[in-house]
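We're numbering straight along the sequence, starting at 1.
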Amino acid sequence: MATQSETIEFILGKLRDRTRFTARAMFGEYALYADGKVVALVCDNLLYVKILPASQELERQCEQGEPYPGAKPHYLVEEGQLATIANLPAILGDIAASLPQKKK
């Protein structure tokens, strides 16, 4: 099932900073970017955040799941949690900061 564009708009609206956070369609699903780096995926209308030391805070609040068969596990942030995890934008920003710079 492909992710609906309304889901992406909802998630970006919850993150509140459209200059820092963007999304790009990929094979019917979406990659979520923070500061130009992929920090999460949106698959089947669900947000999957990369599991890294920078996202460790989500471990207590989110279950883990695979965004697609064979993928590494990610933290699964459900729709209701988008409003209750107040520091989600900061966590996604920390993930971006921990990732290497893009190769040119």
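Rounding to the nearest 0.5 Å places OG of Ser5 at 11.0 Å from CG of Leu12. Atoms OG and CG, on Ser55 and Leu92 in that order, are 9.0 Å from each other to the nearest 0.5 Å. Separating the SG atom in Cys62 from the NE2 atom in His74 is a distance of 12.5 Å, to the nearest 0.5 Å. Taking NZ from Lys50 and CG from Leu99, the interatomic distance works out to 5.0 Å, rounded to the nearest 0.5 Å.
If you chain together hydrophobic residues whose side chains sit under 4.5 Å apart, Ile91 and Leu52 fall into the same group.
In terms of modelled atom types and a separation under 3.5 Å, the side chain of Thr3 and the main chain of Val42 share a donor-acceptor contact. Side-chain atoms of Lys14 never come within 3.5 Å of backbone atoms of Pro89 as a donor-acceptor pair (strictly under, hydrogens ignored). Gln64 places no side-chain N or O within 3.5 Å of a backbone atom of Leu76 that could act as its donor or acceptor partner. Asp35 places no side-chain N or O within donor-acceptor distance of the main-chain N or O of Gly93, the cut-off being under 3.5 Å. In this structure, the side chain of Lys37 does not engage the main chain of Ala97 through any donor-acceptor pair within 3.5 Å. For Gln61 (side chain) and Leu58 (main-chain N/O), no donor-acceptor pair under 3.5 Å exists by modelled atom type.
A 6.0 Å sphere centred on CD of Glu66 holds more than 12 heavy atoms belonging to other residues, nucleotides or ligands. The environment of Glu79 atom CD is sparse: at most 12 non-hydrogen atoms of other residues, nucleotides or ligands sit within 6.0 angstrom.
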Test Glu57 against Asp94 for side chain to side chain contact (heavy atoms under 4.5 Å, CB included), laying out the working first.
-> CA-CA 11 Å; Glu57 185 175 337; Asp94 290 347; over 6 Å; no
Between Gln4 and Asn45, does a side chain to side chain donor-acceptor pair (under 3.5 Å) hold up when you go through it step by step?
-> CA-CA 7 Å; Gln4 299 174 344; Asn45 293 311; 4.6 Å; no
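Between Tyr75 and Leu47 there is no side-chain heavy-atom pair separated by less than 4.5 Å. Contact check for Leu15 versus Leu32: side-chain heavy atoms found under the 4.5 Å cut-off. Within the 4.5 Å cutoff, the side chain of Leu41 has heavy atoms near those of the Tyr68 side chain. For the pair Pro67/Glu29, no side-chain contact is recorded, criterion being any heavy-atom separation below 4.5 Å from C-beta on. Two residues are said to be in side-chain contact when any heavy atoms from C-beta on lie closer than 4.5 Å; Ile51 and Val49 fail this criterion. With contacts defined as side-chain heavy-atom distances shorter than 4.5 Å, the pair Leu46/Thr7 does not qualify. Looking at heavy atoms from C-beta onward, Pro73 lies out of side-chain contact with Tyr48 at the 4.5 angstrom threshold.
Of all heavy-atom pairs spanning Ser98 and Ala54, the tightest one is OG-CB, 4.1 Å.
A cation-pi arrangement is present between Arg24 and Tyr33 under the rule of less than 6.0 angstrom and at most 45 degrees off the ring axis.
Among residues two or more places apart in sequence or in another chain, the side chain to side chain donor-acceptor pair (under 3.5 Å) test is passed with Gln56 by none.
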